[in-house]
Every structure is written in C-alpha cells, then in structure tokens.
Amino acid sequence: MERLKTKSLLLLFSFILVLICINSFNIDHIDSEKVYTVSQDGKGDFKTVQDAVNAVGDELNIKTKIFIKKGTYREKITIPATKGAIYLEGESLTETIIVNDDFASKKNSAGKEMGTTGSSTIFIFSDNFSAKKITFQNDAGKVGQAVAVLVTGDKAIFENCRFLGFQDTLYLKGEQDVPTPKREIRHYFKNCYIEGTTDFIFGAATAVFEDCTIFAKESATYLTAASTPENAKFGFVFMNCKIKGEARPESVYLGRPWRPFAKTVFINCAIDNTIKPEGWHNWKKTEAEKTSFYAEYNSKGIGANAEKRVSWSHQLTKEQSKEYQIKNILSGKDNWVLK
C-alpha cells in the first residue's frame, strides 16, 4: 500500500512539473521580445529604420521592438505584410522624426505619377504594428496629396505620436475599394497630434482617436474623409479630443464622405471656432446624405453648434452614445483587447 502511495505521489509530482514547464514555455514564448536599436551615429544595431525592419523575421509570434534614437530619419519605409508584430519606439517625440517629401503628382523612376498611395513616408502593411513617441512627417508642403502614414494592416496602435503634413496626412486605407471587406481593419490612437489641411484623416478603416489633438492648419478645409465600407458598423470615432487650428474662423468642415457610407462620430470633443457651424459637407453628393452617418455627442466649445449643423447629421442621445465604447468599436470577431 505504501509503495502504491509513493508511486501515485511521484506521478502527481511529475504531472505538476510537466504543467509548470509547459506554462513557462508559453509565457516565455508570448512575452519574449527582440530588441533592435537604430542610431545614426553607428552606435546601434542599424543606422536606418528600414534596415531594422528588414531584420525582423516573417510571421513571428514574438514582438520585435525597434528603439529609434533621436534624429531626423529621411527615409521611405515599407513594413511588409509578412512581418511579425513590430513596435517602434522613439527616444523623443519631437526629436525622433521619420520624414520624406514625396507627393501624388511627383514622377517615379518610371516617369509615372506616384499617386496618393505611393506618396507615403511609411507604409504599414503588417498586422499588430505599434508606435510610441515618434513624429511621422511628409514635408512636401502645399503640393496636393502627400501622405505621411499609410496603414493597411489590422490592429495598429499609436500612442503619443505626431503626424505632420498638409493634404492627406494620415491614410487609414483598410480594404479601400472592396465593397465587402475580406477582413476587419481596426486602429487605435491615444494622445496623438494630427495636423493637415484637406482630408488629412481619411480612409476605410475603423479607428478610435482618444485624447488626441486634431489641428487644422492655415488654409484647411476638411478634417476627415471617411470611406467606410457599407457593412462596417463604425468608421472614425473621436473621443475626448481637441479640435483646433490656425485656419480662419468658421472655415473648416468636420468631414465629408469620400465613399457613400462614410461614418464619423465625435464624442465629448472640444471644438474651437475654426469649424463651420454647419459642420459637415456632402462632397456634392446629395445621395450620400442618406447613406453616410455623421454624428456628435456632447460637443463643447465655440465650434459646437448643434442647432446649426446640417439637417442630415445626428446629435446622439446619452443612451445612443453608450454604444461608442472602445471595446464595442474595436473588439471585432477576434475579440481584440487593447493592452
């Protein structure tokens, strides 16, 4: 009997040991993080951001952190869809700058215009990308469409970043021209600064902007140009943001519909006098007034003119506003939870 008891205890101990080993492996596997440093003085692993991106393995289950030292990195960066999770972190928000100056009408090496898409400073095609304390810029100036950041991957997170440009600064492309998206494309922006002149936040993705500053530069006209797919429940959602600028008073629209089913909502935002009293423009598409969804809840400030907004926009009730929770907007079919 004593022998049987000892054997049972040994088996139990062995089973517990195996479980500990398995769990330890899983924790290490999930939480492990490879780190590269980019520094222009040659004291890091790489001198350019693109070289660091190229070193990241394809389809890895670990996150690769690329720490970028202070400096102005004049590059045109591509992050392929095959890359594993990449996290860019700058040493300083204002002194770690990724910048280029391409624009839509600029000719490429083949003599053809780059187009809006081709003008971007950085192309993010991969999923699970994140960035913190980095300035992304297109400094081409007032030359038409000139994108600073273009994202087609899913679940991108930007925290405490700046997006600088003029027209078409931030392109959240998503499944842009697909009537029925093949997959969800979602992004989250926290405490970011985004500036521009025309349609400088645009595209088909679902995106939440929380505690961000949206700045309308001189000669600005439209803040947003959503192209939300018909079957997407949410488009661009701004929460507790500051809408301000240096444009003339009452000269800028909150948004216009690039595609018929555009969705843009402002929740608890402070809006200054740069915004037109009517708020929204139909882009000379009267049919879009019936299909797009533009709304506000509890807007504050001189530019929060609820009674003067266009008749086809919406002022949400308190009950309706409760639907606009980050979890509801971004969780999707895979139950994405922000970390």
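These numbers were taken from a predicted model, which means no experiment stands behind them. Counting from 1, the numbers follow the sequence of the chain as shown.
- Counting heavy atoms from C-beta outward, Arg74 and Asp139 have side chains that approach closer than 4.5 Å.
- Here the straight-line distance linking atom NZ of Lys70 with atom OG1 of Thr94 works out to 8.0 Å at 0.5 Å rounding.
- Within 6.0 Å of NZ on Lys132 lie no more than 12 heavy atoms contributed by other residues, nucleotides or ligands.
- In this structure, Lys233 pairs ionically with Glu323, as a charged nitrogen and a carboxylate oxygen lie closer than 4.0 Å.
- Between Tyr294 and Trp280, the ring-plane angle classifies as parallel under the 30° and 60° cut-offs.
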Audit row: Tyr73, Gln40, side chain to side chain donor-acceptor pair (under 3.5 Å) steps and yes/no: CA-CA 8 Å; Tyr73 297 83; Gln40 292 176 326; 4.8 Å; no

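- Taken together through direct or relayed side-chain contacts under 4.5 Å among Ile, Leu, Val, Met, Phe, Trp and Tyr, Val252 and Phe215 form parts of separate hydrophobic clusters.
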Side chain to side chain contact (heavy atoms under 4.5 Å, CB included) between Glu296 and Ile271, worked out: CA-CA 11 Å; Glu296 297 170 73; Ile271 302 175; 3.7 Å; yes

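- In this structure, Asp101 and Asn138 approach most closely via the heavy-atom pair CA-OD1, 3.8 Å.
- For the pairing with Asp127, the salt bridge (charged side-chain N to carboxylate O under 4.0 Å, His left out) check across Lys155, Arg183, Lys63 returns one residue only, Arg183.
- With values rounded to the nearest 0.5 angstrom, Ile214 atom CD1 is found 4.0 Å from Ile194 atom CD1.
- Each of Arg162, Gln137, Lys217 was evaluated against Glu195; a single residue qualifies, Lys217, per the side chain to side chain donor-acceptor pair (under 3.5 Å) test.
- Counting heavy atoms of neighbouring residues, nucleotides and ligands inside a 6.0 Å radius, atom NZ of Lys76 exceeds 12 of them.
- Heavy-atom contacts from other residues, nucleotides or ligands closer than 6.0 Å to NZ of Lys65 number more than 12.
- Heavy atoms of other residues, nucleotides or ligands lying less than 6.0 angstrom from NZ of Lys106 number more than 12.
- A centroid separation of less than 6.0 Å is found between the aromatic rings of Phe234 and Tyr324.
- Counting only distance, with no hydrogens or angles, the side chain of Ser292 and the backbone of Pro257 share no donor-acceptor pair below 3.5 Å.
- Here the CD1-CG distance, from Ile157 to Asn128, works out to 8.5 Å after rounding to the nearest 0.5 Å.
- The backbone N or O of Glu75 lies less than 3.5 Å from no partner atom in the side chain of Gln50, so there is not a single donor-acceptor pair.
- Summarising the geometry of Phe123 relative to Thr117, their closest heavy-atom pair is CE2-O, 3.0 Å, with the distance given to 0.1 Å.
- Side-chain rings of Phe158 and Phe129 approach one another, their centers coming within less than 6.0 Å.
- Thr96 places a side-chain N or O within 3.5 Å of a backbone atom of Glu91 that can act as its donor or acceptor partner.
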Check against side chain to side chain contact (heavy atoms under 4.5 Å, CB included), Val147 and Lys173: CA-CA 11 Å; Val147 179; Lys173 190 171 183 178; over 6 Å; no

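- With hydrophobic clusters built from ILVMFWY side chains whose heavy atoms lie under 4.5 angstrom apart, Val49 shares a cluster with Val56.
- Taken from CZ in Phe125 to OG1 in Thr82, the straight-line distance is 11.0 Å, to the nearest 0.5 Å.
- Both tests do not hold together for Lys142 against Phe166: distance to the six-membered ring centre under 6.0 Å, angle to the ring axis within 45°.
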Audit row: Phe200, Leu223, side chain to side chain contact (heavy atoms under 4.5 Å, CB included) steps and yes/no: CA-CA 6 Å; Phe200 59 93; Leu223 302 183; 3.5 Å; yes

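- Although no hydrogens or angles enter the test, the distance criterion places no donor-acceptor pair under 3.5 Å between the side chain of Asn305 and the main chain of Glu307.
- Interatomic distance, Phe202 CZ to Gln145 CD, rounded to the nearest 0.5 Å: 8.0 Å.
- In this structure, Leu330 is a member of the same hydrophobic cluster as Met239, with clusters built from ILVMFWY side-chain heavy atoms closer than 4.5 Å.
- You'll find the side chain of Lys83 reaches within 4.5 Å of the side chain of Asp58, heavy atoms only.
- No side-chain heavy atom of Tyr253 sits less than 4.5 Å from a side-chain heavy atom of Thr221.
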Chi angles and distances behind the salt bridge (Lys or Arg N to Asp or Glu O under 4.0 Å) call for Lys322, Glu319: CA-CA 5 Å; Lys322 292 178 181 178; Glu319 192 62 31; 3.5 Å; yes

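- A donor-acceptor pair is defined here as one N or O able to donate and one able to accept, closer than 3.5 Å; no such pair exists between the side chain of Thr121 and the backbone of Val149.
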Stepwise salt bridge (Lys or Arg N to Asp or Glu O under 4.0 Å) test for Arg256 and Asp199: CA-CA 8 Å; Arg256 59 177 179 172; Asp199 303 334; 2.8 Å; yes

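- Side-chain atoms of Thr135 and Leu93, non-hydrogen and from C-beta on, do get closer than 4.5 Å to each other.
- Just one of Asp211, Val208, Leu172 meets the side chain to side chain contact (heavy atoms under 4.5 Å, CB included) condition when paired with Phe189; it is Leu172.
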Side chain to side chain contact (heavy atoms under 4.5 Å, CB included) assessment of Phe261 paired with Asn231: CA-CA 9 Å; Phe261 297 93; Asn231 65 335; over 6 Å; no

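- Residue Glu289 comes nearest to Asn282 through the heavy atom pair OE2-ND2, 2.8 Å, listed as atom of the first residue, atom of the second, then distance.
- Put simply, Trp336 and Ile326 are part of the same group of oily side chains (I, L, V, M, F, W, Y) that touch within less than 4.5 Å, one to the next.
- Residues Tyr188 and Glu159 form no side-chain contact, since every pair of their non-hydrogen atoms from C-beta on lies 4.5 Å or further apart.
- With hydrophobic clusters built from ILVMFWY side chains whose heavy atoms lie under 4.5 angstrom apart, Leu254 shares a cluster with Phe209.
- Residue Lys300 qualifies as enclosed at atom NZ: its count of foreign heavy atoms under 6.0 Å is above 12.
- At most 12 heavy atoms of other shown residues, nucleotides or ligands fall within 6.0 angstrom of atom CD in Glu218.
- Using cut-offs of 30° and 60° on the angle between ring planes, the pair Tyr222 and His281 is perpendicular.
- Around atom NZ of Lys285, more than 12 heavy atoms belonging to other residues, nucleotides or ligands sit under 6.0 Å away.
- Taking CD1 of Ile77 as the reference point, atom CG of Leu150 lies at 13.5 Å (rounded to 0.5 Å).
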